[in-house]
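In listed order, ligands and their atoms are each counted from 1. Because the structure is a prediction, the values reported are computed rather than measured.
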Amino acid sequence: MTPAPTFQPLLDALPYAALVVDAKDRVIATNDAATQLLGWQAQGLLLVNVLRQPDVIATLDAVRGGADQSTARYLSRKSEGRVFDVVARPLGAGQVVLSFVDVTAVEEAGQIRRDFVANVSHELRTPLTALIGFIETLQGPAKGDAKAHERFLGIMLDEATRMTRLVDDLLSLSRVESTERTRPSGLVNLAELMGTLKEYYESQGNDHTIQLDVQTAQTSTVGDVDQLRQVLSNLIENALKYAPDTPVTLRLEGPVYARELRGEALKLTVMDQGPGIDPIHIPRLTERFYRIDTHRSRAMGGTGLGLAIVKHILTRHRGALKIKSALGQGSSFSILLPAI
Ligand SMILES: Nc1ncnc2c1ncn2[C@@H]1O[C@H](COP(=O)(O)OP(=O)(O)OP(=O)(O)O)[C@@H](O)[C@H]1O
Ligand SMILES: [Mg+2]
């Protein structure tokens with residue numbers, strides 16, 4: 001039998017966990033990564049006693065039976081939730097090398113994609129179901145009823161508008177994601193941008209007053225003006241929607257030291273005096289489709305993508321979003337952007 005130490009330098013040189021078993025399934029060599037993965041030093045033990053996962057044991061028989069390679073999934077018991085692809089390859093004389101590649105990240109990405117598709121489908125199906133229902137009613141029971149026609153067509157327009165908004169937001173999210181790796185290069189005057197948005201939203205016939213509070217002479221930073229306009233619009237629209245009939249304040253301050261950015265930052269805050277947010281929701285607000293009151297938000301045309309878009313744009317700008325709120329005390333959403 002080949003003496004075990006021959007394998008050792010090779011196993012030690014590998015960037016992932018690996019071990020060799022002899023013809024009797026006894027572990028004859030392992031590397032440090034394998035010891036960490038399994039939770040103990042396996043050398044000299046039978047493989048079945050080391051990892052009690054029948055699928056992995058079955059790979060040994062498969063390669064001894066003539067297969068070039070056999071693979072299995074290994075769910076680590078030691079590091080909870082981690083998933084590995086195990087590849088077995090024959091070394092001759094019944095010996096087999098097993099290597100463990102960590103595929104947790106790939107698995108998680110797949111799960112996120114599946115959740116995303118499920119969410120999008122659900123969000124699109126709701127208005128579509130409503131549209132089909134109204135069309136059937138117009139063709140059937142409400143045929144010739146002019147009043148019903150007018151009312152139903154109004155609802156149908158709302159539902160179709162919602163779908164358009166959802167698709168626009170999704171496109172905008174994917175555009176932001178695709179630019180995330182390139183840093184913006186323009187120079188943006190934040191005070192000017194805030195002023196333009198204040199005028200715009202006041203002209204929209206809201207009952208809100210929007211106060212502008214610029215507390216600094218340093219008003220410019222490097223950024224993408226269209227994206228920063230979108231960030232501010234999303235925050236202002238939320239304030240107008242979820243804190244109706246109360247004043248909204250837009251404040252610019254800085255430079256202040258921001259721990260999140262490990263440096264000086266300009267701080268731009270959108271504040272309202274609305275109902276506030278229960279702190280348990282705050283960490284999840286920037287998740288796609290996350291809404292506190294799904295029904296209420298949907299009734300107001302919300303899709304739950306606004307803050308996800310904000311977060312991605314700020315990531316591209318090497319900035320951060322800070323949310324402060326408590327029930328009954330209004331909300332303040334601050335964006336931190338690196339000062340220049
Ligand atoms: N200023 C605020 N006051 C109270 N709740 C808020 C405020 N801003 C956001 N929220 C809550 O956070 C949730 C997520 O906001 P987000 O902007 O991501 O989505 P949305 O407004 O529902 O939809 P969209 O922005 O895509 O139209 C909202 O549904 C709402 O429940
Ligand atoms: Mg919103």
Which atoms of ligand 1 have any heavy atom of [X] under 4.0 Å away?
X	answer
Lys241	21 (O), 27 (O)
Ile277	4 (C), 5 (N), 6 (C)
Leu285	12 (O)
Arg165	24 (P), 26 (O), 27 (O)
Arg291	22 (O), 29 (O)

Handout entry: Step-by-step side-chain contact (heavy atoms from CB on, under 4.5 Å) determination, Thr59 to Gln69
Key = CA-CA 8 Å; Thr59 62; Gln69 146 172 338; over 6 Å; no
Measuring from atom [atom1] of [X] to atom [atom2] of [Y], what distance do you get when rounded to the nearest 0.5 angstrom?
X	Y	atom1	atom2	answer
His312	Ser178	NE2	OG	11.5 Å
Phe84	Asp102	CZ	CG	4.0 Å
Leu321	Leu235	CG	CG	6.5 Å

What protein heavy atom sits nearest [atom], and how far away is it?
atom	value
atom 9 (C) of ligand 1	Asn238 ND2, 3.5 Å
atom 21 (O) of ligand 1	Tyr242 OH, 2.8 Å
atom 19 (O) of ligand 1	Gly304 CA, 3.1 Å
atom 1 (N) of ligand 1	Asp272 OD2, 2.8 Å
atom 22 (O) of ligand 1	Ser297 OG, 2.7 Å
atom 18 (O) of ligand 1	Leu307 N, 2.8 Å

Problem - Side chain Thr216, main chain Glu253, donor-acceptor under 3.5 Å - result: no
Mind checking whether [X] contacts ligand 1 via backbone (N, CA, C, O), side chain (CB onward), both or neither, at a 4.0 Å heavy-atom cut-off?
X	answer
Asn234	neither
Glu237	neither
Tyr290	backbone
Ile292	both

Using a strict threshold of under 4.0 Å (side-chain N to carboxylate O), is an ion pair present between [Y] and [X]?
X	Y	result
Arg318	Glu180	no
Arg316	Asp224	yes
Asp68	Arg89	no
Arg165	Glu123	no

Handout entry: Heteroatom distance test (Leu305, ligand 1): nitrogen or oxygen, under 3.5 angstrom
Key = yes
Exercise for the section: Flag Pro275 as yes when one of its N or O atoms lies below 3.5 Å from any N or O atom of ligand 1, and as no otherwise. Expected result: no
Exercise for the section: Taking the six-membered ring for Trp and the single ring otherwise, decide whether the centroids of Phe100 and Tyr74 are under 6.0 Å apart. Expected result: yes
Handout entry: Test item: Leu240 and Tyr201 side chains (from C-beta on) under 4.5 Å apart, heavy atoms
Key = yes
Completion exercise
To atom 24 (P) of ligand 1, the nearest of Thr303, Leu240, Ile282, Leu173 on a heavy-atom basis is Thr303
Looking at ligand 1, is there an atom of it that comes within less than 4.0 Å of some heavy atom belonging to [X]?
X	answer
Ala243	no
His281	no
Asp169	yes

Side chains of [Y] and [X]: any donor to acceptor distance under 3.5 Å?
X	Y	answer
Thr219	Asn189	yes
Gln111	Asp115	yes
Asp213	Thr249	no
Thr269	Ser334	yes

Practice task
For the Mg ion (ligand 2), state how many protein N, O or S atoms fall inside a distance shorter than 2.8 Å.
Solution key: 1
Completion exercise
side-chain hydrogen bond (donor to acceptor under 3.5 Å, both in side chains) test vs Thr303 passes for just one of Asp169, Asn119, Asp168, namely Asp169
